[in-house]
Structures are given as structure tokens and as C-alpha cells.
Peer 1: 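Input: one structure, supplied below.
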Amino acid sequence: MARPVDHVIVGAGFGGLCAAIKLDEDGERDFVVIDRGDEVGGTWRDNDYPGAACDVPSQLYSYSFAPNSEWSMSFSPQPEILAYIHRVAEWAGVLDRVVLRTTVTAADWDEDRQRWIVTAEGTAGTTTYVARTLIVGPGPLSEPRLPDIPGIESFEGELFHSARWRHDVDLTGKRVAVIGTGASAIQIIPEIQPIAGHLDVYQRTAPWVIPRNEHHYTPLEKLAFRHVPGLQKAARTAIYWGRELYVPAFTKAPGLAAPAKTMALRNIRRGIKDPELRRKVTPTYEIGCKRILISNRYYPALDADNCDLVTEGIERIEGNAIIGRDGTRREVDVLIVATGFETTDIPAAHIVRGRGGELMADRFARTGMAAYKGSTIPGFPNLFFVIGPNTGLGHSSMVFIIESQVQYIRDALRTIRVNEFATVEPTEAAFEEWNADLQRRMSTTVWSTGGCSSWYLDEHGRNTTLWPRTTFMFRHLLHTFDVERYVVGAAEPAELEVVTA
Ligand code: N01
């Protein structure tokens, strides 16, 4: 069945839903939002492991157009965030165009029709959408990455990824192992350590962890947010600008992060008594090189009697045991891999084909994972990313980035509509200049100079994931669709004066 539609939006998380809501507001109502999950929510639906919470303040980690006075605390837990996403999608009236339990398996640009042919496999069979615009919403944290450990495929106990938590597996009294000590693991470990019989934590690289300064909102504060005009907006603005002040410490002068380093070292001393364990958890690279984590409970959990931090590395998995590089054999009932996501090899690149049938992954093999303004790519007409290459942050809210990109898309669609363009795609020159500037800026960042390897970098050491400037600048640069940097496909009639929206 082929179904014509103006826009196909892939992914019903924060990004895809924001695009849907704003397109709808602009009268661009003919769209579908396709998602493989059972409900909307994206990464906040998938990551429902114990302890899952946002490590960016919720006042900022929410849509600017949908403030929530009911956040229970400053860093809200996952169920509250997921409920918020549901509420906003329902309030905005876009759920009728969300197609769930459906996976986009191919998206091909049809030159003759000047349309995207999008194949979607769902419970009711295959649907082909014929769309003017393709909006790619799954961010880089959507596809779990399993560790490449010999023998893992034949592990004899229960094994699952942090983003695919098995709530049916009872950990009480069990021998549990967690591989990884990133943002997900340090939230999981304090939750499961008290109930596990024994817990082994496999650390490859120690993270920097600063205290979590949690604030529980009182009923009076919530009341004030609801009724005092401008108060919640002022709180959000203060948090926003406070976060922007961190940017130079990441991008230009890592020495500015010294106070954070002091806090992190104090966090270790406060949380751990054993000097040997303190040594093992103390990172040997600059703070900020990997994501800075927040927790008051991670170190005490590692220091507990039933927990071992294993740093010798993993040789292989044999039956129900993990064999360390030092030959130690540790038996495990449940193995939890908190080993992150396919961040530098996004799944969408393997199913989207642009002009001349070029697979996006093949283009990325030539150029690196890169886009113009994190949003568009030459050779891929009318395709827009939300959370595209080099739009990630180490210091602030991705929802701010999402809203900035959606503003750019709205303005692009208005420009296309007003001028009756068939297609827009950035020029190679615009693409080259943008990325040359980005990579030049990367050279002074702590992500490049801090002495660590991280998921920010691809296999060539090139940072294809993060934005190296202020989010304020990002918003400014994406505020207006810069049609002069685009190749415009033949309009009908052929010559039209370009009107920017
Ligand atoms: O994944 P990660 P994550 N053997 O890639 C280790 C966001 N997030 O799911 O550091 C052994 O950060 C790896 O070791 P190393 C946030 O943006 C946000 O925790 O590479 N270990 C590392 O310790 C975050 O950055 C929230 O040496 C292996 C860990 O696994 C992103 O999601 C909460 C290994 C992976 O850490 C990803 O976080 C949670 C192997 N073969 C997550 N392979 C919020 O609160 C990997 N590791 C908003």
C-alpha cells in the first residue's frame, strides 16, 4: 500500500514529537510519526532501568512551550519524564498521527517523483509512504551497543542491556555483574547493590563523578510555579545561563574546570573509605573529556561489602563466568551490560539512500558522520535531522537543541511552501565550510585534548557528536533557514523570486 503524505517523521521521542507539534502549529498537518516502540517517549521509554533519571535539571530538560510545574525534584526520575512526554503529545493533539510498533526499514529518494519513498514494517504489514520531507528523529542514543567480548553470545545466565531492562528478572540475592561505568551504570549500581547477593562492577575507564545537588520541590514552590507569572520561566532562564557559563571550560580552557575536579575528588573521599578503591576510581584524564556524571550514591555502593570493582579487564565469557585478563574467574547469574549506544554509526545511515541511490553510510564513510548545521546533507534533498551530527552537549539540555533544530526545519518548510520549491539541499561548499569550522574548534576542546577516548569520537578520533560552542550560538545560527546556502530544486514555474519566510 502506498500512502502519499507531506512529511514522514521518524521517532516519537522528544525530537520527533517536537517536530510534529510545531509542524502542526504551522498548519503542516499532513504527517506521520513512525516509531518502533509500543508508546511514545523514545529514549525515555527505552531507558527504564532502576534509578533512571535526568542529569540535567528538569526545568530546562523540558519543552519551553510546555512548562511543567509538577516536577518533583530538580533531576526528575524517568517515569515523570515519560509521563510528561505523553501529556504534552496528548495536549498538542498529535497522537492521532503517531504510528507505533512500526519500524522504518528503508527510505529512498525517488528522483522522478521528487519524493522520499519510506518503507515501514508494522504489525499490520508493510506500508510505503511517499513523502515530500523526511525528518530523522532518533538521536544517537537509540541503538544499544553490546560489548564485543568473546563468548558473550553463549553466556549461560540472564543477560541484558541497560536500555532493554528485563523487569522480569529478580536480582534479589543473585550474583550480578555490571559491565560499564558510564552515565547509565552509575545510576543503576546504587539501586541494585543493596538487593544483589554480590555485585561485580567492571570498570574500563573511571568516570569523573561530582555530587548530585538534588532539590525536592515543595508544594509551595509548585504552587508558586503554577500561579506566579513568569516565575518558572525565570527559574529556567537562570539554570540555562548558569549552564552556558560551563562552555569555555569544555571548549577553550579546561583549567576552568578545576573547581569541578576538586568537587569530584572530594566526592570520592566522602564516598569511599578503602584507599585502594579510591585509587582505582580516580580518573587519569581531564575532567569533561568524557561526560561528567552526578551521584552521591555511586561511590558508597562500590565501597559496600557485597560489591567488587574489577579493573583488570575482561578476557572472555565462559558458561556463566567472566574470565578476567588476570585469569580470575567470577561466576554470575545476571549480566547487565551498560555499555552505551551506537553513537558514531547511527542506524538511520544504513537505511536512507539519497540522490543516485547513495547510502548515507557510504557518504559518511567518505566525509565522516557530518551534516550542515547538524540538520541537512548534500545529496539528500528535503531530509532534516533532529539531533543530527555534532549537535550533542556535555553541559546543557538536548531539548534546547531539539527546539532550535525544529525552528530551522519550520523555517525551511515555510520557505519551500512560499516559493513552491520542489527540493532544498545544502551546497557542498556550505557543508565543507561548516564542518571545517567545527573541526577547527574541536581541536581546543577537552574532548580532544583531555587524554581520554569516549563515545564522542569516531574510529578516526574525529568528534562527530558534540557541539563545540554555546547553545545560544547554536540557536542563533539555526534561527532562520539560510536558503542562499542551499541548492534549490526546480520550482514551478521555473524562475521564482526567492522569498525567505
Ligand atoms: O553509555 P556510555 P551510557 N568492556 O557510553 C563501558 C546519556 N545518558 O549508557 O569509558 C568494558 O557513557 C565504557 O567504558 P569506557 C548520556 O549522554 C544520560 O552510560 O569506554 N567496558 C563505559 O564505562 C551518556 O553519555 C542520562 O572505557 C565497556 C560504559 O561501558 C549516554 O547516555 C542517563 C565496554 C558505557 O558508557 C550514554 O551513557 C544515562 C567493553 N567492551 C545516559 N564497552 C541522563 O541522566 C563499553 N564499556 C540524561
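As the structure lists them, so they are numbered: ligands from 1, and atoms in each ligand from 1.
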Peer 1: Quick one: does Asn390's side chain have a donor or acceptor within less than 3.5 Å of a partner on Gly374's backbone?
Peer 2: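 Pair absent, no side-chain N/O of Asn390 close to backbone of Gly374.
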Peer 1: Which protein N or O atoms sit under 3.5 Å from any N or O of ligand 1? Give each pair with its distance.
Peer 2:
residue	atom	partner	partner atom	Å
ligand 1	9 (O)	Ser184	OG	2.6
ligand 1	10 (O)	Lys290	NZ	2.7
ligand 1	17 (O)	Arg291	NH1	3.3
ligand 1	19 (O)	Ala183	N	2.9
ligand 1	19 (O)	Ser184	N	2.8
ligand 1	19 (O)	Ser184	OG	3.3
ligand 1	20 (O)	Arg204	NH2	2.9
ligand 1	23 (O)	Thr181	N	2.9
ligand 1	23 (O)	Gly182	N	3.4
ligand 1	25 (O)	Trp455	NE1	3.0
ligand 1	27 (O)	Arg204	NE	2.9
ligand 1	27 (O)	Thr205	OG1	2.5
ligand 1	30 (O)	Ala338	O	3.3
ligand 1	45 (O)	Ala53	O	2.6
ligand 1	45 (O)	Asp55	N	2.9
ligand 1	45 (O)	Asp55	OD1	3.4

Peer 1: His215 and Asn213: side-chain donor and acceptor closer than 3.5 Å?
Peer 2: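 No pair is found: no donor N or O on one side chain lies under 3.5 Å from an acceptor on the other.
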Peer 1: Could you tell me how the ring of Trp434 sits relative to the ring of Trp467: parallel (under 30°), tilted (30 to 60°) or perpendicular (over 60°)?
Peer 2: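 Trp434 vs Trp467 ring planes: parallel.
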Peer 1: Please determine, by modelled atom types, if Gln405 and Ser375 share a side-chain donor-acceptor pair under 3.5 angstrom.
Peer 2: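 Yes - a donor-acceptor pair under 3.5 Å links their side chains.
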Peer 1: Applying disulfide bond (SG atoms under 2.5 Å apart), which residue pairs with at least one partner in residues 271-346 are found, sequence neighbours left out?
Peer 2: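 As it turns out, the disulfide bond (SG atoms under 2.5 Å apart) pairs with a partner in residues 271-346, which skip direct neighbours, are Cys289-Cys452.
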Peer 1: Describe, in one word, how the ring planes of Trp71 and Tyr84 are oriented to each other, choosing from parallel (under 30°), tilted (30 to 60°) and perpendicular (over 60°).
Peer 2: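 The rings of Trp71 and Tyr84 sit tilted, inter-plane angle from 30° to 60°.
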